[in-house]
Amino acid sequence: MSAILLKRRLTSSEEDFRKSLRSDDSRIFISPLPETCDPVSVDLSVGDRIFESETSIQRGIPAEGITLRPRRSIVVYTSERVCVPHNIFGIVSGKGSLIYHGVFVSHGKIDPGFQDNLRVGILNGSNRPIQIKPGMLICSCSFFQMDSHMHDVSRTSAREPVKPPRPTIGQAIRAFWSAYWQWIIGTFLAGLTVVTRLLGLWGR
Amino acid sequence: MLIVGDNLRDLCIQHAVVSNLDSYDITSLTLRLNIRVTSINTEAVVDYGKPLKQSWINEFDIPEEGIELKRNVGLLGCSEEVIQMPIGYFGLVQTKGSLARLFVSATCNDGQIDSGFCGRVTFELLNLGHLKVRIPRLAPVAQLFILRTSTKNVPPYAGRYMNAEKPTVYKPKLS
């Protein structure tokens, strides 16, 4: 298996892709095709849909983006549709620059025969909310030529993301505390101050 | 790596490698003998490196009953199929085994087809044996094997025999 030089292997034409599906010189379909790409990797961006792990529903992303709170994760769809022929395998990795913002992107694989928009998991590991906007570069894909093409490939698409397990009460309290401890302490201190003042007035 | 099976067939469709997809034969492409042939006849010494005299060259069509190759006689023929070799691939031409078993060779040097070549493949038909052999028009005389090259970053073929439509006679390199 060797990494594919993408210059001559990417196409945004469905016809080119279909015609070469089992060819030794098969093409990788990506649409819309990014204007620039590295020799062996192509960056994909956030599309207009997310899969919300807490509610297990799909919803659209507004143009201004959505806010991902600290320690929360979502699954986004890429804006690019990716179709892979029967003799190519793909690896998905997060954009390295996101780690400076405390953002983790899940790694993934693209099986031969895959045809869909990719679903990519994002975790906000920082203490600050982050904005996820359509068009934001989120992951990078590299492709590898297999030593033989697969005969029994049926057209596959992205699987529904696995729902996260329901948290226990202790985990829910810990998550609530880590997200809101500053607000809780601040409110508690403010309340304490008010009570102290009232007690002082009443004592007079 | 030799390209075979579905990889070969779809490569042919993708890049129009061969003008007639019926040529596909799992591990190779069968090449048939085109009607046009060329003989070179002279009693004079032919100097390697110098052009042939036009008067020595005789182009003609194979008669309906086929072309008879006498013992130790050579003839230039070409493939019925037009070949277009994609960048990143290289072709090797071999004589069909059945023809070889009559001691007739379709190439003198294991014919090579460079990346980027387009045209009919010239055969050096040569009867090496003791039999007189008749070859009919469009007989399968050779097979083309396609191999992948280690890189696609090589200039495509743009040599003297590019876009051949009939048997190409020896052309010395212009210095």
Side-chain angles (χ1 to χ4, degrees), chain A residues 1-31 33 36-42 82-90 110-115 141-156, chain B residues 1-31 81-94 112-119 121 143-158:
Chain A
M1 209 155 68
S2 54
I4 290 175
L5 275 172
L6 296 174
K7 192 178 169 188
R8 293 194 181 94
R9 299 295 290 274
L10 290 183
T11 181
S12 57
S13 155
E14 285 249 18
E15 193 195 343
D16 282 354
F17 170 73
R18 305 245 167 269
K19 210 162 64 174
S20 66
L21 208 54
R22 284 167 298 175
S23 166
D24 182 67
D25 195 27
S26 55
R27 297 287 189 255
I28 300 157
F29 173 90
I30 296 183
S31 180
L33 202 55
T36 56
C37 82
D38 291 335
V40 288
S41 68
V42 57
V82 179
C83 302
V84 181
H86 296 186
N87 55 352
I88 287 178
F89 177 81
I110 310 173
D111 289 324
F114 176 91
Q115 298 182 28
C141 296
S142 302
F143 297 94
F144 299 86
Q145 183 99 22
M146 293 162 57
D147 56 10
S148 181
H149 85 267
M150 291 176 63
H151 279 285
D152 52 352
V153 168
S154 57
R155 180 180 161 150
T156 59
Chain B
M1 180 196 289
L2 183 66
I3 311 301
V4 300
D6 288 346
N7 298 153
L8 176 61
R9 198 192 54 218
D10 278 21
L11 185 75
C12 292
I13 296 168
Q14 183 185 1
H15 293 293
V17 175
V18 63
S19 53
N20 176 12
L21 201 59
D22 291 341
S23 300
Y24 166 72
D25 190 20
I26 302 175
T27 56
S28 65
L29 303 173
T30 299
L31 301 179
E81 293 77 15
V82 175
I83 298 298
Q84 219 170 269
M85 191 57 62
I87 302 296
Y89 296 88
F90 183 86
L92 281 178
V93 181
Q94 283 191 355
Q112 299 143 29
I113 303 181
D114 289 330
S115 290
F117 171 84
C118 181
V121 179
Q143 51 202 344
L144 170 63
F145 295 94
I146 297 181
L147 299 105
R148 193 197 298 168
T149 58
S150 65
T151 177
K152 293 183 177 181
N153 294 323
V154 288
Y157 177 81

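Values below: every heavy atom of this structure, side chains too, minus hydrogens, waters and symmetry copies. In what follows, chains carry the letters A, B, and so on, assigned in the order in which the sequence lines appear, proteins first and then strands, with residues in each chain numbered from 1.
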- line: Closest non-hydrogen contact found for Ser23(A) with Gln14(B) is OG-OE1, 2.6 Å
message: Quick check on the interface: out of Arg27(A), Arg22(A), His149(A), who has the most heavy-atom pairs with chain B under 4.5 Å?
response: Arg22(A)
message: Please classify the contact of Ile3(B) with chain A as side chain, backbone, both or neither, using a heavy-atom distance under 4.5 Å.
response: side chain
message: The test is side chain to side chain contact (heavy atoms under 4.5 Å, CB included); show your working for Asp25(A) and Lys152(B) and say whether it passes.
response: CA-CA 11 Å; Asp25(A) 195 27; Lys152(B) 293 183 177 181; 2.5 Å; yes
message: Using every non-hydrogen atom in the two residues, find where Asn153(B) and Arg8(A) come nearest and quote the distance to one decimal.
response: OD1-NH1, 3.7 Å
- prompt: Which answer fits Ser26(A), side chain, backbone, both or neither, if we ask what part of it has an atom under 4.5 Å from a heavy atom of chain B?
  reply: backbone
